[in-house]
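Working notes for the structure below.
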There are 2 protein chains.
Amino acid sequence: MKYKIKSRIWIELDGREFLGEGKIRLLKAIDETGSLSKAARSLDISYKKAWNLIDAVNKTTPKPVTINSIGGKGGGGTELTAYGKSLVGVFDDMNRKCWNFLDIQLEKIKSL
Amino acid sequence: MKYKIKSRIWIELDGREFLGEGKIRLLKAIDETGSLSKAARSLDISYKKAWNLIDAVNKTTPKPVTINSIGGKGGGGTELTAYGKSLVGVFDDMNRKCWNFLDIQLEKIKSL
DNA sequence: TTCCGTTATGTCATAACAAACATAGCGAAA
DNA sequence: TTTCGCTATGTTTGTTATGACATAACGGAA
């Protein structure tokens, strides 16, 4: 029998969830592509959905996670703020540690 | 800023998720009440939903988590097998440890 | 001034999911 | 043999989440 314990983590601020795996993926894609629309395409989700996700984050956090510019060379773009990048870093770090921790704990269990 | 890291865990068997928080709650209620219908009522969900949840678990696990009897004194009932009880125990234990671990990890982070 | 790729939103159809309703069978006990 | 509370399902309805379209504005570059 191959049991496995899996987990999902998310970050809350004052009781309101605002960052989970999906949004982290999107933030990373923004960081890589330099624009929200390119990020959405790369993740195969609609621009509108991506925009809604980022909008929800920015409405909850005390500081914005992205800087958005409209028009101009290339039509504009979106990039992560230092705060946004640090959130991604913390999330990834915690996530990795959590998975690791659960794997180790599971091995200690003889029953099942 | 009061950031909090939250988590949900679940148990998979051969890649198929079969036990999460909701089902654990239901298994506990069955253990307390001795019947699926009473458990459903106590959790304020429909009997059908509860039945579907348990059915899904029993279809995935190698051994049944419940023993169901129809008719007779009291109309029948449902009780947990030893295997079912051990699953509940393992889940709760892992869950508590996971929450605790994340809390400790979060305190180590100075940024944010 | 025209064009292009963005950001920024609103609306509407649809699909996925959940809840409500309905019904049947079982077996002990009265 | 009737009643009762339970297990066991199917069907139908309603609600919510998702996706598809549609449109506007912006500003640099050609």
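A note on names: the letters A, B, ... follow the listed sequences, proteins ahead of strands, and every chain is numbered from 1.
Listed pair A:Arg41 / C:dT6 meets the phosphate criterion, a side-chain N or O lying under 4.0 Å from OP1 or OP2. Regarding contacts with the backbone of C:dT6, a side-chain N or O of A:Ser37 is found under 4.0 angstrom from either OP1 or OP2. Proximity of B:Lys49 to the phosphate of C:dA18: no side-chain N or O atom is located under 4.0 Å from OP1 or OP2.
Between the CD1 atom of B:Ile54 and the P atom of D:dC6 there is a distance of 16 Å, rounded to whole Å. For the pair A:Ile67 CD1 and C:dT7 C1', the interatomic distance rounds to 15 Å; values are reported in whole Å.
Closest non-hydrogen pair, B:Asn58 versus B:Pro64, comes out as OD1-CA, 3.4 Å. Smallest separation of non-hydrogen atoms from A:Trp10 and A:Glu17: CD1-CG, 3.5 Å.
Note that CD1 of A:Ile11 is 8.0 Å distant from CE of A:Met94, once rounded to the nearest 0.5 Å.
Judged by closest nucleotide on DNA chain D, B:Gly71 is the one of A:Ser46 and B:Gly71 placed further toward the 5' end.
Using a 4.0 Å cut-off between charged side-chain N and carboxylate O, B:Asp92 and B:Lys28 make a salt bridge. Salt bridge present: B:Glu21 and B:Arg8 bring a charged side-chain N and a carboxylate O closer than 4.0 Å.
Comparing D:dG19, D:dG28, C:dT7 by their nearest atom to the side chain of A:Ser35 picks out C:dT7.
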Which protein N or O atoms sit under 3.5 Å from an N or O of nucleotides 8-11 of chain C?
{"residue": "C:dA8", "atom": "OP2", "partner": "A:Trp51", "partner atom": "NE1", "Å": "3.3"}
{"residue": "C:dG10", "atom": "N7", "partner": "A:Lys48", "partner atom": "NZ", "Å": "2.9"}

